[in-house]
Amino acid sequence: MLANVQDGAAARAARETPAEGVGLFRTELCFLNTDAEPTVDEQAQIYGEVLEAFAGRKVVIRTLDAGSDKPLKFAGHPDEANPALGVRGIRIAENNPGLLHHQLDAIAAAAEKSGEQPWVMAPMIATAQEAESFAAQARSRGLTPGVMIEVPAAALLAKRILEHVDFLSIGTNDLAQYTMAADRMSAELATLTDPWQPAVLALVAMTVRAGAAVGKPVGVCGEAAADPLLACVLTGLGVTSLSAAAAAVQGVGAKLAQVTLQQCQEAADAVLGTASASDARAAALAVLG
Ligand code: PEP
Ligand code: MG
């Protein structure tokens, strides 16, 4: 059970919860009000604070997920009609490779200085080629590479993506958005972007199977992991770690402590047989209480 954090202060606060590490460090949130690209030294200092707060623990640093709902002034976003389907996340590196190089240099510098070994992952991966390119850049700096599974294409080809990276982390917020073709920011469409949607959970199951087949970890770091009942279902599906907002860690951990892995697996099987989010929730509740 890990925590999602956005800076050193949040990491120090998360350290006060039972979180065993950081499953998602959203680095772009450090720079929402920054006009110019921060220097490698400035970045290394910020990343180092999070590594220090969780010294000796697992920390997964996500490279800048800029664009769409989180534009960064220095990322040079093009004017787009559909930013959620546009140049965001890893796609920014195509025309602006320096941004990713500098960030990986900064993470490597923070790792070196602290003596920690953070994992790094890229957001919005859609193809195995993107995963391959990111992994090569991370490995050349001695970092352990993974990617986020947020785009249905990446879930469907998880097996081929895993030929290049050491772990996967499923971002259920975006995976729901792109699977259901429904804007995650729209309150009107919230029933479609519900992570209990069986189509979303089917893609989670597929991704987990691909990881299990090659013995590589597959975590979930979207808000689905903050729902205690759904966290049990995800565990039953075979997810190897859960990462949620620090405020949710205690509650999710408490629920997991009340149930057996077998119950979680039964609930996961029941959920995969349903055809609606409400039926999925009811099926899980019937097994897990
Ligand atoms: C997600 O998409 O589920 C995720 C964890 O990333 P973010 O919410 O930052 O887009
Ligand atoms: Mg996301």
Side-chain angles (χ1 to χ4, degrees), residues 1-7 10-11 14 19 21-32 50 58-72 75 77 82-93 103 119-126 130-131 134 146-155 158 161 167-186 189-190 192-197 199-201 203-204 207-208 217-227 230-231 233-234 237 239-249 252:
M1 189 69 219
L2 309 163
N4 295 348
V5 306
Q6 70 275 9
D7 56 20
V22 171
L24 169 62
F25 174 9
R26 288 182 165 103
T27 56
E28 68 282 355
L29 299 186
C30 301
F31 308 119
L32 288 179
V50 173
K58 175 170 170 172
V59 173
V60 186
I61 303 178
R62 176 173 76 183
T63 56
L64 295 173
D65 186 21
S68 191
D69 52 324
K70 292 170 291 194
L72 293 184
H77 300 295
N82 293 302
L85 300 178
V87 183
R88 58 164 297 199
I90 193 67
R91 298 169 183 186
I92 291 168
Q103 188 172 27
W119 292 6
V120 288
M121 64 180 180
M124 285 296 294
I125 291 291
E130 288 168 350
F134 177 76
V147 296
M148 292 195 69
I149 301 293
E150 314 186 88
V151 177
I161 286 175
F167 70 96
L168 302 177
S169 182
I170 305 172
T172 48
N173 308 331
D174 277 312
L175 187 60
Q177 158 163 272
Y178 297 121
T179 302
M180 305 305 294
D183 186 345
R184 63 187 271 186
M185 307 301 280
S186 164
L189 302 178
L192 284 175
T193 48
D194 186 340
W196 283 95
Q197 283 288 348
V200 177
L201 294 173
L203 288 172
V204 171
T207 306
V208 167
V218 179
V220 166
C221 65
E223 284 315 302
D227 172 340
L230 188 46
V233 170
L234 295 169
L237 287 173
V239 161
T240 55
S241 66
L242 298 163
S243 191
V249 167
V252 170

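Keep in mind the model is a prediction, meaning the values are calculated, not measured. Atoms within a ligand are numbered from 1 in the order they appear, just like the ligands themselves.
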Student: Does the side chain of Asp194 pick up a donor-acceptor pair with the side chain of Gln197 at under 3.5 Å?
Tutor: no
Student: Do Leu230 and Pro195 come close enough that some side-chain heavy atom pair is under 4.5 Å?
Tutor: yes
Student: Is the shortest side-chain heavy-atom distance between Ile61 and Val50 below 4.5 Å?
Tutor: no
Student: Looking at atom 3 (O) of ligand 1, what's its closest protein heavy atom, distance included?
Tutor: Asn173 N, 2.7 Å
Student: Give the atoms of ligand 1, by number and element, whose distance to some non-hydrogen atom of Asp65 is under 4.0 Å.
Tutor: 10 (O)
Student: Any N/O/S atom, backbone or side chain, of Asp65 lying under 2.8 Å from the Mg ion (ligand 2)?
Tutor: no
Student: In ligand 1, which numbered atoms sit nearer than 4.0 Å to a non-hydrogen atom of Arg184?
Tutor: 2 (O), 7 (P), 8 (O), 10 (O)
Student: Tell me which N, O or S atom from Asp174 is the closest to the Mg ion (ligand 2).
Tutor: OD2
Student: Which ligand 1 atoms does Lys70 reach within 4.0 Å, using its non-hydrogen atoms?
Tutor: 7 (P), 9 (O), 10 (O)
Student: Identify whether the distance between the nearest side-chain nitrogen and carboxylate oxygen of Lys70 and Asp65 falls below 4.0 Å.
Tutor: yes
Student: Hey, which atoms in ligand 1 end up nearer than 4.0 Å to a heavy atom of Leu24?
Tutor: 5 (C)
Student: Just which atoms of ligand 1 are under 4.0 Å from any heavy atom in Cys221?
Tutor: 5 (C)
Student: Quick check: Arg62 and ligand 1, any N/O pair under 3.5 Å apart?
Tutor: yes
Student: Please examine the side chains of Leu32 and Leu72, heavy atoms only from C-beta on, and report whether any two atoms are closer than 4.5 Å.
Tutor: yes
Student: Can you tell me the protein heavy atom closest to atom 9 (O) of ligand 1 and the distance?
Tutor: Arg26 NE, 2.7 Å
Student: Has ligand 1 got any nitrogen or oxygen that is less than 3.5 angstrom from a nitrogen or oxygen of Glu28?
Tutor: no
Student: Step by step, work out the side chain to side chain contact (heavy atoms under 4.5 Å, CB included) result for Val22 and Lys58.
Tutor: CA-CA 6 Å; Val22 171; Lys58 175 170 170 172; over 6 Å; no
Student: Testing the basics here: between Ile92 and Ala75, what is the closest heavy-atom pair and its distance to 0.1 Å?
Tutor: CG2-O, 4.2 Å
Student: Do you know which two heavy atoms are closest between Leu85 and Tyr178, and how far apart they sit?
Tutor: CD2-CE2, 3.7 Å
Student: What N/O/S atom of Glu150 gets nearest to the Mg ion (ligand 2)?
Tutor: OE1
